[in-house]
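A short write-up of the structure that comes next.
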Amino acid sequence: MTDTIFALSSGPPPAGIAVIRISGPQAGPALRALCGKLPAPRRASLATLADPADGTHLDRTMVLWLPGPGTATGEDSAELHLHGGRAVVAAVEAALERLPGLRRAQAGEFTRRAFANGRIDLAEAEGLADLLSAETELQRRVALAMAEGALSRDVEAWRAELLRISARLEAALDFSDEDDVGEGEATLPAGFAGECIALAERIDAWLSRPRAEPLKEGFRVVLAGPPNAGKSTLFNALVEQEAAITAAEPGTTRDVLTFGASLDGVPFTFVDTAGLRDDGAGEIERIGIARARAAAEKADLILWLGPEGEGPKGRTLWEIAARADDPIAPCKSDKALALSARTGEGLAALRSALVDHARRSLPAPGQAALNQRQHDRLSEVAEALRFAAVERDGLLAAENLRLARRALDALVGRTGTEDMLDALFGRFCIGK
């Protein structure tokens, strides 16, 4: 990475301020070319920017010179805090592009350089990506914990402990080469198995936490029941939009309809489905019914608007009496939540119950949560430690500890594939 990159890192113009970031070995010369001199490091300075090509006045603004390696990317960096008009930004970008050694940054390239230069690890980069895409307060706080190193700090502590255990084992193996030391159990240091199990249990505490995926995708609530049970009416009431078509005719809903919503800062994905029935359905409706059953299999919670005890099995399910305002359709039992989506009766209680239930299933505010990749790598570490603990052959135990170290290194990006890194940093915007 010998070239120097630049990009607009603030929102698209027009805006009050537009921030252009520059990173790389030519950041200092580029700033000097625009300003006529290099400002004092790490101090905001007022400067008049001119196009080095012809001296055209570009803007009078604040600039920052940030020499590396103590910068966000680990490289020499500069920031131009321009007036946020489109023409101003375009003129400055054009002037920068004409300078030798400078080019426009690609998506996520600033963050990728920070990772490559050791300013952040892979787990922190994933947290930062989630922070940039956070739409609810709970998502923001959980992503911020990961971006600020909540997992990374524990990984470093686990790695130090794993290295200590490995060093003790290697020393025991070295001594086992002595003529007066036998093979097998004698190669294992005292307390070796207990140390491996203790470390695995510390990792298990992370593995048992609520996962990141339900938080990113929203707690998935599927509305299910027979045709004309009021599912779409309740769906519209929960998302507070006329998202689903409602009609008295059975079979109006033919497909799965999803809608994301935030209730009290908790992300939800509500899913409306076709009415479940065995007789009288046409070909298209039968396809919708099959999709409805598949959606129920993926639900975090099912709201069942059908006969008592007849909802899908094997998933968390709440029975709903959805027509509390209808004197002909009384509540089915004391177990059912009585409400009326038409009049609003009971909706506030349902929303409150949904939020309370989801919060118990999602990460707590400020608690970092593992994504699938991170969970898989940590599971490999814990498994390797347990295999090492039961090994009687010191060489095989050492190999399991090596596998555990490799999985920990992959977790924070000390090892990894370029394809995985490309996919991650491609999630970032230009200028980040």
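Side chains included, hydrogens not; waters and symmetry mates left out as well; all remaining heavy atoms used. All residue numbers refer to positions in the sequence shown, counting from 1. The structure displayed is predicted, hence computed values, not measured ones.
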Exercise. Under 3.5 Å, is there a donor-acceptor pair between the side chain of Glu109 and the main chain of Gln106?
Worked result: yes

Exercise. Is a donor on one side and an acceptor on the other found under 3.5 Å between the side chain of Gln367 and the backbone of Pro363?
Worked result: no

For this session: Would you please indicate yes or no on a ring centroid separation below 6.0 angstrom for His357 and Trp318?
Result: yes

Exercise. Strictly by modelled atom types, are Arg21 and Ser9 linked by a side-chain donor-acceptor pair under 3.5 Å?
Worked result: no

Exercise. Hey, is NE2 on His83 packed in by over 12 heavy atoms from elsewhere, all under 6.0 Å?
Worked result: no

Exercise. Is a donor on one side and an acceptor on the other found under 3.5 Å between the side chain of Lys231 and the backbone of Pro226?
Worked result: yes

For this session: Can you establish whether the number of heavy atoms outside Arg406 located under 6.0 Å from its atom CZ is more than 12?
Result: no

Exercise. Do side-chain atoms of Asn117 reach the backbone of Arg119 as a donor and acceptor pair under 3.5 angstrom?
Worked result: no

Problem set entry | Donor + acceptor pair across side chains of Thr73, Ser23 (<3.5 Å) | yes

Problem set entry | Side chains of Pro52 and Leu99 in contact at under 4.5 Å (non-hydrogen atoms) | yes

Exercise. Around atom CD of Glu156, are there more than 12 heavy atoms of other residues, nucleotides or ligands at under 6.0 Å?
Worked result: yes

Problem set entry | Rounded distance [0.5 Å steps], CG in Leu162 versus CD in Glu195 | 11.0 Å

For this session: Scan side-chain atoms only and decide if Gln374 and Glu126 contain a donor-acceptor pair under the 3.5 Å cut-off.
Result: yes

For this session: Answer yes or no: is there a donor N or O on one side and an acceptor on the other, between the side chain of Arg315 and the main chain of Ile302, under 3.5 Å?
Result: no

For this session: Answer yes or no: is there a side-chain heavy-atom contact under 4.5 Å between Asp76 and Thr71?
Result: no

Exercise. Is the backbone of Val412 close enough, under 3.5 Å, to the side chain of Arg377 for a donor and an acceptor to pair up by distance?
Worked result: no

Problem set entry | Side-chain donor or acceptor of Glu93 paired with backbone N/O of Ala90 under 3.5 Å | no

For this session: Could you grab the distance from atom CG of Asp121 to atom CG of Leu411, nearest 0.5 Å is fine?
Result: 8.0 Å

Problem set entry | Ser45 side-chain N/O to Arg43 backbone N/O, donor-acceptor pair under 3.5 Å | yes

